Amino acid sequence: MPARIIDGRAVAQALRAQYRARVEALEKKHGVTPGLAVILVGDNPASELYVRNKIRACGEVGIRSELVRLPNDISEARLLGEVDRLNADPSTHGILVQLPLPPHITMRRVLERIAVDKDVDGFHLYNVGGLITGSTIFPPCTPYGVQKLLEHERVEVAGKNVVVVGASNIVGKPMALMLMQRDATVCICHKLTRDLAQFTILADILVVAAGVPNLIVPQMVRTGAVVIDVGINRLPDGRIVGDVDFEGVRQKASLITPVPGGVGPMTVTMLLHNTLRSAERRVGILEEPSLASPAA
Ligand code: NAD
């Protein structure tokens, strides 16, 4: 039987409806509207598109957003000054610096300048380090989105063999740490891994984030595995595909995410989540309100 397809759009929509209710509750009870500031340096068309999507998503759930557009030749000192201004602004609960930054700017210096309690992308070293101990304030959005999808589909992680293909700082590595924190047995593969298939075939849960179309074909996948495809690749004919041979692997897996419509919609949703949590924590709501009573 072909795998059940995980509908990331539907899960994202359901979560956003809950977040909208929580934003309204926050406004009513505490007079606070969550605010996200997005810093965009230069005019990279891909970055423009990502930023537009994030701002539109904020509007959907009632989060206030501020787009700070800065010229490509801005000095690092002025950019850091903007971060300082937003750090000090009480109506800003989350700060995001859209990457990549121009080469004359040291990305790490900028990310480290963001106040840790506003670092909704989870890229500050404090939040990165917190992944080791399970005490991060803001989990990074893409792996967090994958975790939420697994939770939503009630996929048990503890004791499972998880193979993560891709070892980047923003997806593969944090993904592996988050799953280790949940007691999975985790293996990370990357572009120098010899004989990728001998690892992937062991996976009960296979998470692929390499950026290589058709990297994972059916013979590399264990029958009944859960397959999460994070990859986003544009083919020469304009089609968007993931890293997994979807039609082939679907015949072997038990659960699979499509591209588009799988992990993608969850990434921005987790940005909304992190911004909302930041505002909730600021007014003293320390525990995440439960699904049953989103307005609690
Ligand atoms: P990256 O280029 O920073 O890292 C890619 C990783 O994959 C590296 O660790 C590399 O060693 C590994 N890799 C490359 N070729 C490989 C191969 N042949 N075999 C095994 N491993 C290989 O990329 P990234 O930022 O981690 O993104 C990965 C993919 O996920 C891209 O397609 C990107 O567009 C996509 N992405 C999607 C979302 C989303 O919201 N769905 C978010 C971020 C990234």
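In what follows, every heavy atom counts, from backbone to side chain, and hydrogens, waters and symmetry copies are set aside. Everything quoted here is computed from the prediction, not taken from an experiment. Every number for a ligand or one of its atoms is a count from 1 in the order of the listing.
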**Prompt:** Within 45° of the ring axis of Phe138 and under 6.0 Å from its six-membered ring centre, is that where the NZ or CZ of Arg281 lies?
**Reply:** yes
**Asked** Do Asp43 and Asn72 get their side chains close enough for a donor-acceptor pair, meaning under 3.5 Å?
**Response** no
Contact table ligand 1 N or O to protein N or O, d under 3.5 Å:
from: ligand 1; atom 1: 9 (O); to: Ala167; atom 2: N; distance (Å): 2.7
from: ligand 1; atom 1: 11 (O); to: Lys191; atom 2: N; distance (Å): 2.9
from: ligand 1; atom 1: 21 (N); to: His190; atom 2: O; distance (Å): 3.4
from: ligand 1; atom 1: 21 (N); to: Lys191; atom 2: N; distance (Å): 3.3
from: ligand 1; atom 1: 26 (O); to: Ser168; atom 2: OG; distance (Å): 2.5
from: ligand 1; atom 1: 32 (O); to: Ile232; atom 2: N; distance (Å): 3.0
from: ligand 1; atom 1: 32 (O); to: Ile232; atom 2: O; distance (Å): 3.3
from: ligand 1; atom 1: 34 (O); to: Ile232; atom 2: O; distance (Å): 3.4
from: ligand 1; atom 1: 40 (O); to: Thr267; atom 2: OG1; distance (Å): 2.6
from: ligand 1; atom 1: 41 (N); to: Val230; atom 2: O; distance (Å): 3.4

**Pair Ser254-Arg4, side-chain donor/acceptor within less than 3.5 Å** = no
**Item:** Partners meeting salt bridge (Lys or Arg N to Asp or Glu O under 4.0 Å) with Arg282 (sequence neighbours left out)
**Value:** none
**Prompt:** In chain order, what residues pass the salt bridge (Lys or Arg N to Asp or Glu O under 4.0 Å) check against Asp204, with sequence neighbours excluded?
**Reply:** Arg222
**Complete:** Contacts of Glu156 meeting side-chain hydrogen bond (donor to acceptor under 3.5 Å, both in side chains) (sequence neighbours excluded), chain-then-number -> none
